[in-house]
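Here's the structure, in structure tokens; my notes come after.
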Amino acid sequence: MDSSVVFNVATTGIAVVAVVTSIVFSARQARIARHANHISVMVDLLQEFRSAEFHEQHDYVCTRLGAEHDPEAGVRGLPGEAKTAFYSVVYYYQSFANLAVFGLLDETLMVTVLRTRIVSVWQAVRPFVERERELRGESGGGTYMSIFEELARLAAELPPEHVRNWMTENRRRLTRLRLMR
């Protein structure tokens, strides 16, 4: 075989390896950047979660809202304290749902972290939301809180052991990565 042919094959092989390596590192960098965006969004939104006032409102919505108020008047018919708690808690989770819809937050990550809370809030507010939709009628009532409703549906479908399984799989993956170093 001619030395120029060997040289061309070798340089082509090196170029292919360089391109493949570049693609692999680019994909990895894009995944890391995407996760970095998710982390900062989650940290910002979870900051509210650490406030005592939010937890008081959350408890109110989940335990007292339906017991103290008739959903017949919808959300608009709630008195001040109840409406404030409703908006504070429901729109908090709606914010997560909106970010997931637009791809700014991984919905599986979010649902994994907040699963039981999302489900319990939706169960508590569902009669009020459904009545509010009826009261709003054709002019947008059907979409009122629909993104949060979908988030709650996804959360309810996620098996309770998902968090444990996810953590176990994550540990295995990290162990494999450490062994590769």
Distance-only, no hydrogens or angles: does the Ser22 side chain make a donor-acceptor pair with backbone N or O of Ala18 under 3.5 Å?
-> no
Kindly indicate, with the supporting measurements, whether the criterion salt bridge (charged side-chain N to carboxylate O under 4.0 Å, His left out) is fulfilled by Arg153 and Glu149.
-> CA-CA 6 Å; Arg153 187 190 62 74; Glu149 180 180 17; over 6 Å; no
If you round to the nearest 0.5 Å, how far is CZ of Arg64 from CD of Gln57?
-> 11.5 Å
So, does Ser88 use its side chain to make a donor-acceptor pair with the main chain of Thr84 at under 3.5 Å?
-> no
For Ala155 against Ile118, the heavy-atom pair lying closest together = CB-CG2, 4.1 Å
Would Val89 and Val119 show up in the same hydrophobic cluster when neighbours are defined by side-chain heavy atoms closer than 4.5 Å?
-> no
Evaluate the side chain to side chain contact (heavy atoms under 4.5 Å, CB included) criterion for residues Glu81 and Glu68: first the C-alpha distance (whole Å), next the side-chain angles of each, then the deciding distance (0.1 Å), finally the verdict.
-> CA-CA 12 Å; Glu81 178 190 11; Glu68 294 178 8; 5.8 Å; no
Exercise: identify the closest heavy-atom pair between Gly74 and Arg131 = N-CG, 3.6 Å
More than 12 heavy atoms from other groups under 6.0 Å of CD on Glu53 | no
Going by the angle between their ring planes, with limits at 30° and 60°, are Trp122 and Phe148 parallel, tilted or perpendicular?
-> perpendicular
For the student: nearest non-hydrogen atoms of Gln94 and Ile147, plus distance = NE2-CB, 3.9 Å
Determine, stepwise, if the pair Glu169 / Arg176 fulfils salt bridge (charged side-chain N to carboxylate O under 4.0 Å, His left out).
-> CA-CA 11 Å; Glu169 181 56 36; Arg176 282 193 305 265; 3.7 Å; yes
Go through the steps for Leu78 and Leu65 under the test side chain to side chain contact (heavy atoms under 4.5 Å, CB included), then give the verdict.
-> CA-CA 9 Å; Leu78 291 171; Leu65 183 68; 3.9 Å; yes
Straight-line distance of Thr175 OG1 to Asn170 CG, nearest 0.5 Å | 9.5 Å
So OG of Ser146 and CG of Leu151: to nearest 0.5 Å the spacing works out to 11.5 Å
Apply side chain to side chain contact (heavy atoms under 4.5 Å, CB included) to the pair Leu135 and Glu132, showing each step before the final yes or no.
-> CA-CA 5 Å; Leu135 293 170; Glu132 186 66 26; 4.2 Å; yes
Looking at Val129 and Tyr144, what are the two nearest heavy atoms and their distance?
-> CG1-O, 3.7 Å
Would you give the length of the straight line joining atom CD of Gln123 to atom SG of Cys62, rounded to the nearest 0.5 angstrom?
-> 8.5 Å
Side-chain heavy atoms under 4.5 angstrom apart, residues restricted to Ile, Leu, Val, Met, Phe, Trp, Tyr: same cluster for Leu154 and Phe96?
-> no
Of all heavy-atom pairs between Lys83 and Arg76, which one has the smallest distance, and what is that distance?
-> NZ-O, 3.2 Å
Work out which heavy atom in Ala82 is nearest to a heavy atom in His69; give both atom names and the distance.
-> CB-NE2, 3.6 Å
Carefully, step by step, assess His58 and Tyr92 under the rule side chain to side chain contact (heavy atoms under 4.5 Å, CB included).
-> CA-CA 10 Å; His58 192 281; Tyr92 174 75; over 6 Å; no
Report yes or no: does Ser51 contribute a side-chain atom to a donor-acceptor pair with the main-chain N or O of Phe54 at less than 3.5 Å?
-> yes
Test salt bridge (charged side-chain N to carboxylate O under 4.0 Å, His left out) applied to Arg133 and Glu130, step by step | CA-CA 5 Å; Arg133 288 174 181 167; Glu130 288 175 347; 5.5 Å; no
